[in-house]
K.L.:
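If you scroll down you'll find the structure; I have some questions about it.
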Amino acid sequence: MLTAIIQNPGIQAKQLSDKLEARPLKTIERQIKSLTDKGHIERKGSKKTGGYWPVKN
């Protein structure tokens, strides 16, 4: 999932679900929370138009 976010900066959870072999949206949201808590990704933008971006180290 992290690779998909790195390859598609700004991707939204629904798009990730479609891209990752139709994983359930709830599963994607749990994985996003884990990656955000670990500092690997961050959310930018509004709820409606924002997306997830990899954190530059």
K.L.:
Using atom types as modelled and distance alone, determine if a side-chain donor or acceptor of Ser17 lies under 3.5 Å from a backbone N or O of Arg23.
P.N.:
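Here the side-chain-to-backbone pair exists.
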
K.L.:
Going from CG on Leu20 to CD on Gln31, what distance comes out if it is rounded to the nearest 0.5 angstrom?
P.N.:
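Going from the CG atom of Leu20 to the CD atom of Gln31 covers 8.0 Å.
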
K.L.:
Would you confirm whether Gln12, through its side chain, and Lys48, through its main-chain N or O, come within 3.5 Å as a donor-acceptor pair?
P.N.:
yes

K.L.:
Check each of Leu16, Thr27, Asp37 against Ile32 using the side-chain contact (heavy atoms from CB on, under 4.5 Å) test, and report the only one that passes.
P.N.:
Leu16

K.L.:
With the side chain counted from C-beta on, respond yes when Ile28 and Met1 share a heavy-atom pair under 4.5 Å apart, and no when they do not.
P.N.:
yes

K.L.:
Looking only at heavy atoms, which two atoms of Arg43 and Lys47 are closest? And how far apart?
P.N.:
NH2-O, 3.1 Å

K.L.:
If you compare all heavy atoms of Ile6 against all heavy atoms of Pro54, which two are closest, and at what distance to 0.1 Å?
P.N.:
CG1-CB, 3.9 Å

K.L.:
Would you compute the distance between atom CG of Leu25 and atom CG of Asp18 and round it to the nearest 0.5 angstrom?
P.N.:
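The distance works out to 9.0 Å.
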
K.L.:
I need the Lys19 NZ to Asn8 CG distance, nearest 0.5 Å.
P.N.:
4.5 Å

K.L.:
How many angstroms lie between OH in Tyr52 and CD1 in Ile5, if you round to the nearest 0.5 Å?
P.N.:
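Between Tyr52 OH and Ile5 CD1, I get 8.5 Å after rounding to 0.5 Å.
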
